There are 2 protein chains.
Amino acid sequence: MIKYSSQNRMLVAVDCIIFGFDGTDYKVLLIQRGFAPEKEKWSLMGGFVQEKESLEQAADRVLKQLTGLKNVYLEQLQAFSEPDRDPIERVIAMAYVALIDIHKYEQQINDDFHARWFLLRELPKLIFDHAQMVDTALQRLRYKAAFHPILFELLPEKFTLPQLQAMYEGLYDTKIDKRNFSRKVLSTNLLIKEQEKDKSSSKKGAFYYSIDKEHYKEKFESLLNFVPKTEITALNE
Amino acid sequence: MIKYSSQNRMLVAVDCIIFGFDGTDYKVLLIQRGFAPEKEKWSLMGGFVQEKESLEQAADRVLKQLTGLKNVYLEQLQAFSEPDRDPIERVIAMAYVALIDIHKYEQQINDDFHARWFLLRELPKLIFDHAQMVDTALQRLRYKAAFHPILFELLPEKFTLPQLQAMYEGLYDTKIDKRNFSRKVLSTNLLIKEQEKDKSSSKKGAFYYSIDKEHYKEKFESLLNFVPKTEITALNE
DNA sequence: TCAATTAGTGTAAAAAATACATTTAAAATT
DNA sequence: AATTTTAAATGTATTTTTTACACTAATTGA
């Protein structure tokens with residue numbers, strides 16, 4: 001079989017930045033690396049791309065192998081390709097961002113795998129350029145969430161408006177007027193009001209909402225505006 | 001020296017989608033591929049990543065080698081990684097998008113290299129998945145140009161408001177009211193009005209404008225809104 | 001000097017975003 | 001049983017932004 005002769009072949013890896021939200025804070029899922037170099041150090045979920053799989057398939061596989069997660073929101077972030085980013089040998093890394101409902105997978109992750117959630121604000125030292133990957137992923141999340149309803153991926157099936165608002169406030173580190181926020185969110189017709197209330201955080205209780213999945217798919221690509229303009233005047237992309 | 005043993009190494013390439021605008025139409029720069037397979041077929045500018053260079057460096061190098069272009073706007077688009085996208089062997093391709101002033105480089109490109117501009121609407125059949133890369137790049141351009149002043153990269157140092165407007169109208173295939181357009185554009189303080197007029201396309205002549213480079217850098221990341229909302233309700237990203 | 005052509009400009013109406021405070025529901029306490 | 005406590009829910013007036021829309025100006029060539 002003919003090949004491209006005299007060209008330089010290299011390893012290609014995928015690394016996944018997995019964001020979660022616990023109702024108050026954003027978290028990132030990390031594992032202790034299982035092999036040298038930097039064995040036992042905290043790392044993003046990563047792995048080498050195999051011969052017969054696309055990058056997307058590799059990211060799915062790595063996520064499943066290391067955490068048990070399947071069918072999660074997963075998006076290509078960007079490549080990290082400094083020649084010496086891995087001290088052992090040249091590795092091109094493609095970073096993927098995943099958003100998951102932290103509670104849905106919490107048990108599974110803790111029990112079967114040795115992944116651990118860390119507060120985004122208190123991440124341990126990470127191997128290689130993984131801290132930079134997290135930074136870049138966070139920037140992208142801030143950018144994208146300002147226009148598209150992706151943060152819903154972080155919430156359980158049923159959630160309340162105060163929870164949703166806290167998630168937006170956390171991401172942009174700001175306070176949003178709840179009257180304006182609920183008007184904007186509800187005007188998209190993305191949410192269905194449920195009968196029940198969540199009484200875990202107030203006496204009155206807050207009504208649960210769920211996603212109208214039809215509208216969600218349609219509206220996903222259209223442009224929303226949940227975040228006040230003053231908060232998004234200088235996003236980094 | 002230790003390596004990651006028993007892992008699969010593969011070729012990594014960069015491919016550049018180079019957009020230009022000739023005042024009326026968008027164009028894409030293509031070359032005839034110089035080696036098998038698909039030798040002589042039309043292709044994006046591409047090349048393999050070398051051992052000691054990052055992807056960005058590779059893209060810069062490829063662009064320079066194949067067209068003579070330097071210091072152009074170049075942005076990572078996304079990876080294309082289907083295992084069989086290249087019939088010879090596994091190649092992961094990272095696509096980059098470049099925006100250039102078509103006239104500034106026209107001579108250089110035609111004379112020294114065998115690259116050729118094609119109308120975006122009339123591209124020839126391209127090798128491998130390059131047509132898909134162009135599609136994706138165009139989607140990204142539409143998305144990004146709706147919020148950031150990147151289209152200025154396509155224009156010469158001095159340009160007129162009608163030219164600028166034609167560029168936006170072409171990208172979104174729409175008509176924009178010129179009173180509203182000029183008000184919006186000028187309100188950003190991104191443009192400096194010049195003394196001279198361009199009389200090439202009207203008897204009255206249209207004043208030239210140039211970019212206020214200070215403001216341009218500052219404003220690049222902030223969010224603009226040159227395109228009417230009705231035109232950007234369903235961008236694909 | 002008149003006709004033709006494209007550039008340039010202003011205003012009123014509609015829509016969207018913002019600022020802002022009180023009432024309501026339910027539980028816990030007295 | 002009444003009162004207090006806590007967070008949820010809600011409406012309106014003001015400001016800002018966006019849109020729709022049509023005539024005048026400058027210049028060239030006939």
Side-chain angles (χ1 to χ4, degrees), chain A residues 23-24 146-147 155 158-170 172 174-210 219 222-233 235, chain B residues 23-24 146-147 155 158-170 172 174-210 219 222-233 235:
Chain A
T24 310
F147 305 117
L155 290 171
K158 292 177 182 176
F159 52 86
T160 66
L161 289 183
Q163 280 167 19
L164 184 65
Q165 182 170 344
M167 207 169 51
Y168 278 88
E169 291 180 340
Y172 299 99
T174 187
K175 276 284 177 189
I176 302 176
D177 181 273
K178 65 181 170 180
R179 285 163 293 192
N180 295 337
F181 182 80
S182 80
R183 184 178 328 108
K184 278 185 178 182
V185 169
L186 295 176
S187 73
T188 62
N189 286 100
L190 241 48
L191 300 193
I192 298 168
K193 190 174 188 170
E194 302 288 327
Q195 300 294 319
E196 319 141 68
K197 283 181 164 183
D198 165 34
K199 294 192 178 162
S200 67
S201 60
S202 83
K203 290 162 185 173
K204 180 178 179 181
F207 280 104
Y208 279 115
Y209 287 81
S210 62
K219 291 253 175 168
S222 66
L223 298 169
L224 305 177
N225 181 19
F226 294 165
V227 186
K229 279 196 182 156
T230 48
E231 302 302 327
I232 55 169
T233 43
L235 294 169
Chain B
T24 310
F147 305 118
L155 290 171
K158 291 176 182 178
F159 53 86
T160 67
L161 288 183
Q163 281 167 19
L164 184 65
Q165 183 170 342
M167 206 167 53
Y168 278 89
E169 290 180 339
Y172 299 100
T174 187
K175 277 284 176 192
I176 302 176
D177 181 273
K178 64 181 170 178
R179 286 163 292 193
N180 294 339
F181 182 79
S182 80
R183 184 178 328 107
K184 277 185 179 181
V185 169
L186 294 175
S187 74
T188 62
N189 286 101
L190 242 47
L191 300 192
I192 298 168
K193 190 174 188 171
E194 302 288 326
Q195 299 294 319
E196 318 141 69
K197 282 181 166 185
D198 165 35
K199 295 195 176 159
S200 66
S201 59
S202 85
K203 290 163 183 169
K204 181 177 177 182
F207 280 103
Y208 279 116
Y209 287 81
S210 61
K219 290 252 175 171
S222 66
L223 297 168
L224 305 178
N225 180 20
F226 293 165
V227 185
K229 281 198 181 154
T230 49
E231 303 301 328
I232 55 170
T233 44
L235 293 169

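All figures in this text were calculated on a predicted structure; none of them were measured in a lab. Residue numbers start from 1 in every chain, and the chains themselves are labelled A, B, ... in the order their sequence lines are given, proteins ahead of strands. Reckoned from all heavy atoms, side chains included, excluding hydrogens, waters and symmetry mates.
- Between B:N225 and D:dT18, a side-chain N or O to OP1/OP2 separation shorter than 4.0 Å is present.
- One interatomic measurement links the two molecules: NZ of B:K197 to P of C:dA7, which rounds to 10 Å at whole-angstrom precision.
- Atom NZ of A:K193 and atom C1' of D:dA9 are 8 Å apart (whole Å).
- A centroid separation of less than 6.0 Å is found between the aromatic rings of A:Y168 and A:F181.
- For A:L186 and D:dG11, the CG to C1' distance is 14 Å, given to the nearest whole Å.
- The interatomic distance linking B:E196 (CD) with D:dA26 (C1') rounds to 17 Å, in whole Å.
- If you measure from atom CG of B:N180 to atom C1' of D:dA22, you get 13 Å, rounded to the nearest angstrom.
- The side chain to side chain contact (heavy atoms under 4.5 Å, CB included) test with A:Y209 is passed by exactly one of A:L190, A:T160, A:L186: A:L186.
- Heavy-atom distances to DNA chain C give each of B:P162 and B:D177 a nearest nucleotide, and the one nearer the 5′ end belongs to B:P162.
- Between B:K199 atom NZ and D:dG29 atom P there is a gap of 10 Å when expressed in whole angstrom units.
- As rounded to whole Å, 14 Å separates atom P of D:dA13 from atom CZ of A:R179.
- In this structure, B:K184 is not positioned above the aromatic face of B:F226 in the sense of NZ or CZ being under 6.0 Å from the six-membered ring centre and within 45° of the axis.
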Worksheet item: Given A:V185 and A:L224, is the side-chain contact (heavy atoms from CB on, under 4.5 Å) satisfied, shown in steps?
Response: CA-CA 9 Å; A:V185 169; A:L224 305 177; over 6 Å; no
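- Taking every heavy atom of both residues into account, B:F207 and B:E194 meet most closely at CD2-O, 3.6 Å.
- For the pair B:V227/B:T174, no side-chain contact is recorded, criterion being any heavy-atom separation below 4.5 Å from C-beta on.
- DNA chain C is contacted by A:K203, A:K204 of residues 203-210 of chain A, taking any non-hydrogen atom closer than 4.0 Å.
- The separation between B:R183 atom CZ and D:dT18 atom P is 10 Å, rounded to whole Å.
- Side-chain contact check for A:L191 versus A:S210: every heavy-atom pair is 4.5 Å or farther apart.
- For the pair A:K184 and C:dT18, the criterion of a side-chain N or O lying under 4.0 Å from OP1 or OP2 is met.
- Across all strands shown, B:T160 has no heavy atoms under 4.0 Å from either base or sugar-phosphate atoms.
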